[in-house]
Amino acid sequence: MAAHKSLELLQLSEDSRDDLEGCLVLLEQGASPNWRKPGDGSTPLIAAARSGCLGVVAALLDASGQPANVNLANRAGVTAIHAACELGH
């Protein structure tokens, strides 16, 4: 179940609506902010940074128990900071 919630969190993070409430619900339900998308290895933090979702980024970094790891990179070597900078966020 946690993997399914983590996939939902990644998908929510990719959406540019900055759904902070949805993010918090998924984190409470056990979604991992460090879960990696099969294939490209993106994390919810990378996706949220790329989408410019500042509320979601903050929630992922402040997640109790398991905050997002800012040093994780996808398979192309892109971290959340790189993703945000590439798109001017």
Side-chain angles (χ1 to χ4, degrees):
M1 170 137 165
H4 176 70
K5 294 297 178 188
S6 297
L7 174 59
E8 287 183 46
L9 180 61
L10 179 87
Q11 291 168 337
L12 178 141
S13 299
E14 292 173 331
D15 187 347
S16 61
R17 289 180 289 161
D18 203 17
D19 184 1
L20 177 58
E21 184 176 327
C23 175
L24 293 173
V25 167
L26 289 168
L27 288 170
E28 288 175 9
Q29 293 176 347
S32 171
N34 296 310
W35 183 82
R36 292 175 176 270
K37 182 178 183 179
D40 73 0
S42 288
T43 65
L45 183 62
I46 294 169
R50 179 174 284 128
S51 298
C53 298
L54 299 181
V56 172
V57 167
L60 293 170
L61 293 172
D62 291 337
S64 62
Q66 184 186 19
N69 181 343
V70 298
N71 296 313
L72 291 179
N74 65 16
R75 297 204 195 294
V78 176
T79 65
I81 294 170
H82 291 125
C85 291
E86 285 174 353
L87 297 172
H89 299 298

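The residues of the chain are indexed from 1 along the displayed sequence.
Considering only heavy atoms from C-beta on, Leu45 comes within 4.5 Å of Val57 through its side chain. Taking the side chain as every heavy atom from C-beta outward, Thr43 and Asn34 never approach each other to under 4.5 Å. Side-chain contact between Ser42 and Glu14: absent, with no pair of heavy atoms (C-beta onward) separated by less than 4.5 Å.
Leu27 and Leu20 fall into different hydrophobic clusters, where Ile, Leu, Val, Met, Phe, Trp and Tyr are joined by side-chain heavy atoms under 4.5 Å apart, directly or via other members. Leu61 and Val78 fall into different hydrophobic clusters, defined by Ile, Leu, Val, Met, Phe, Trp and Tyr side-chain heavy atoms under 4.5 Å apart, directly or through other members. Leu12 and Leu60 fall within the same hydrophobic cluster, defined by Ile, Leu, Val, Met, Phe, Trp and Tyr side-chain heavy atoms under 4.5 Å apart, directly or through other members. Linking Ile, Leu, Val, Met, Phe, Trp and Tyr residues whenever their side-chain heavy atoms come within less than 4.5 Å places Leu9 and Val70 in a single cluster.
The closest donor-acceptor contact from the side chain of Ser13 to the backbone of Ala47 lies at 3.5 Å or more, if one exists at all.
Salt bridge status for Asp15 with Arg17: present, with a side-chain N to carboxylate O gap under 4.0 Å.
Distance check, rounded to the nearest 0.5 Å: NZ of Lys37 to CD of Gln11 gives 8.0 Å.
Minimum heavy-atom separation, Val56 to Ala48: CG1-CB, 3.7 Å. Heavy atoms only, all atoms of each residue included: Ala80 and Ala49 are closest at O-CB, 3.3 Å. For Ser32 against Ser6, the heavy-atom pair with the smallest separation is N-OG, 2.8 Å.
When only modelled atom types and interatomic distance are considered, His82 and Glu86 share no side-chain donor-acceptor pair under 3.5 Å.
Atom CG of Leu7 has more than 12 heavy atoms from other residues, nucleotides or ligands within 6.0 Å.
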